[in-house]
S.K.: 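Just dropping this structure here.
None of the values given here were measured: they were computed from a predicted structure. Atoms within each ligand, like the ligands themselves, are counted from 1 in listed order.
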Amino acid sequence: MNSDNHYIGRFAPSPSGPLHFGSLVAAVASFLDARSKNGQWLVRMEDLDPPRESPSAPAVILKQLKDFELVWDGQVLFQSTRLDAYAAALKSLQDRHLTFQCRCSRNKTPSVYPGTCRDAAHTENLATLPTSTRLRVDPCEVGFEDRILGRKTWHLQHDVGDFIIRRKDRLFAYQLAVVVDDAYQNITHVVRGSDLLDSTPRQIFLNQCLHLSQPNYAHLPVILGEDGFKLSKQAMARPISNENPSSLLKLALKALGQKVIDSIDYSEMLAVSALNWDIERVPKTLSQNIIELTDEDLQK
Ligand code: GLU
């Protein structure tokens with residue numbers, strides 16, 4: 001895939017369920033950021049994890065995006081069609097001994113992997129045991145300039161640890177697929193929720209290992225529901241309804257710290273919002289982002 005366009009953004013939902021308000025905010029922000037720069041906006045369906053997916057979700061999500069006039073460029077890329085590319089990337093890392101097989105149980109492993117299998121001389125034949133594949137991280141710092149949050153840095157070994165790129169159930173991990181596909185689609189700008197901020201050092205390191213170019217990142221404040229918890233499809237956050245898109249768009253703009261234009265129709269509001277889009281106004285933290293989303297708001 002090739003393009004001369006200077007800005008290519010994307011929205012990359014996992015089809016574990018319909019979009020909820022939090023994912024609408026991420027879609028609106030990445031869409032407006034792309035359109036404000038006359039860039040392309042792509043949609044990628046991250047359907048890599050069948051056990052967690054709902055078979056109807058991809059079609060529902062695409063219909064929801066259309067209902068909100070978030071019109072994407074080109075064809076939707078389904079990650080389920082890209083397994084060969086992930087296998088090739090994995091092989092290239094394995095061939096260079098940048099990975100190791102790991103028998104540790106994910107649930108019992110601390111979030112920063114303590115290195116249990118890293119240098120273990122396994123005597124058993126690993127091919128017959130269920131193992132995940134982890135990428136060995138270097139003892140160095142990785143950092144980047146987030147367009148919303150400013151400079152962010154992590155020490156790869158202390159803060160991140162060797163991480164899984166292929167799971168024990170043989171499914172490719174999100175970290176590997178996202179990096180391979182952002183490069184394949186020539187993504188220049190990633191705008192997504194800050195629930196994924198901790199993934200970014202992993203993705204930057206993987207990019208470096210695979211000699212891929214690194215996109216610019218912007219991480220949005222995560223929208224909380226009334227109970228103070230992150231809205232997520234798994235937590236059964238209510239799907240957004242298409243009954244009154246203007247009121248949800250206004251709420252999304254409010255959450256994003258943007259000017260909210262009143263008394264015009266939905267299409268105009270979206271177009272004007274792209275003209276007015278100012279990423280500098282997006283709040284960095286949740287405390288500045290009290291938008292009091294009530295159950296009623298989410299139903300409007
Ligand atoms: N598929 C991920 C999700 O729905 C988002 C991936 C990304 O934007 O990098 O949370």
Side-chain angles (χ1 to χ4, degrees), residues 7-34 39-54 57-62 64-65 70 72 76-82 86 89 144 146-149 152 160 163-165 167 171-207 210 212-225 229-237 239-240 256 279 282:
Y7 184 116
I8 306 180
R10 48 68 158 185
F11 176 58
S14 302
S16 49
L19 298 182
H20 54 70
F21 182 71
S23 33
L24 177 73
V25 169
V28 165
S30 61
F31 176 85
L32 293 178
D33 196 54
Q40 293 181 48
W41 187 68
L42 311 183
V43 170
R44 181 169 74 227
M45 199 56 72
E46 301 210 318
D47 55 345
L48 263 192
D49 192 353
R52 291 210 191 139
E53 286 161 16
S54 136
V60 172
I61 291 173
L62 296 178
Q64 289 176 305
L65 292 175
L70 301 173
W72 57 90
V76 175
L77 181 68
F78 285 80
Q79 288 195 318
S80 53
T81 66
R82 300 267 305 139
Y86 311 142
F144 73 101
D146 189 278
R147 293 169 62 216
I148 296 170
L149 303 174
K152 290 275 157 196
V160 177
F163 60 93
I164 295 179
I165 53 175
R167 298 171 8 182
L171 295 175
F172 291 105
Y174 154 72
Q175 308 294 357
L176 180 71
V178 80
V179 159
V180 170
D181 284 341
D182 279 343
Y184 174 66
Q185 297 188 287
N186 293 310
I187 301 298
T188 58
H189 291 75
V190 170
V191 178
R192 61 185 179 192
S194 38
D195 51 319
L196 292 165
L197 185 60
D198 284 351
S199 289
T200 308
R202 294 171 172 81
Q203 294 168 15
I204 291 174
F205 183 65
L206 253 174
N207 260 313
L210 291 166
L212 301 171
S213 65
Q214 185 187 311
N216 291 287
Y217 291 101
H219 289 88
L220 305 161
V222 174
I223 307 298
L224 301 187
F229 287 101
K230 176 183 170 260
L231 297 176
S232 76
K233 289 175 223 158
Q234 285 92 337
M236 303 307 268
I240 46 170
L256 290 164
I279 202 158
V282 176

S.K.: Ignoring hydrogens and angles, state whether a donor on the side chain of Gln185 or Arg10 is under 3.5 Å from an acceptor on the partner side chain.
M.R.: no
S.K.: Should one rank Pro13, Pro15, Ser14 by closest heavy-atom distance to atom 3 (C) of ligand 1, which comes out on top?
M.R.: Ser14
S.K.: Can you list the ligand 1 atoms lying under 4.0 Å from a non-hydrogen atom of Leu196?
M.R.: 5 (C), 6 (C), 7 (C), 8 (O)
S.K.: Going by the rule side-chain contact (heavy atoms from CB on, under 4.5 Å), which residues pair with Leu196 if we only count those two or more places apart in sequence or in a different chain?
M.R.: Tyr174, Arg192, Ser199
S.K.: Go through ligand 1 atom by atom and flag the ones less than 4.0 Å from a non-hydrogen atom of Glu46.
M.R.: 1 (N), 2 (C), 5 (C), 6 (C)
S.K.: Examine the proximity of ligand 1 to Val190 and report which part, side chain or backbone, both or neither, has a heavy atom under 4.0 Å away.
M.R.: neither
S.K.: So does Val191 get a backbone contact from the side chain of Asp33, meaning a donor-acceptor N/O pair under 3.5 Å?
M.R.: no
S.K.: Which bit of Phe11 gets closer than 4.0 Å to ligand 1, counting heavy atoms only: side chain, backbone, both or neither?
M.R.: neither
S.K.: Hey, does Gln203 sit under 4.0 Å from ligand 1 if you only count heavy atoms?
M.R.: no
S.K.: Can you name the closest pair of heavy atoms from Leu220 and Val25 and give their distance?
M.R.: CD1-O, 4.4 Å
S.K.: Of all the atoms in ligand 1, which lie at a distance below 4.0 Å from a heavy atom belonging to Arg192?
M.R.: 7 (C), 8 (O), 9 (O)
S.K.: Using a strict 4.0 Å cut-off to heavy atoms of Ala12, name the atoms of ligand 1 that fall inside it.
M.R.: 1 (N), 2 (C), 3 (C), 4 (O), 5 (C), 6 (C)
S.K.: Please enumerate all residues that pass side chain to side chain donor-acceptor pair (under 3.5 Å) together with Arg82, with sequence neighbours excluded.
M.R.: Asp181
S.K.: Do you know the tightest heavy-atom contact between Phe78 and Pro58?
M.R.: CE2-CB, 4.0 Å
S.K.: Taking atom CZ of Arg202 and atom CG of Leu176, what is their separation to the nearest 0.5 Å?
M.R.: 14.0 Å
S.K.: Within a distance under 4.0 Å of any heavy atom of Val178, pick out the atoms of ligand 1 and give their elements.
M.R.: 9 (O)
S.K.: Is the backbone of Arg52 close enough, under 3.5 Å, to the side chain of Ser16 for a donor and an acceptor to pair up by distance?
M.R.: no
S.K.: Mark up the atoms of ligand 1 that fall under 4.0 Å of a heavy atom belonging to Tyr174, in ascending order.
M.R.: 6 (C), 7 (C), 9 (O)
S.K.: For ligand 1, which atoms have a heavy atom of Arg10 less than 4.0 angstrom away?
M.R.: 7 (C), 8 (O), 9 (O)
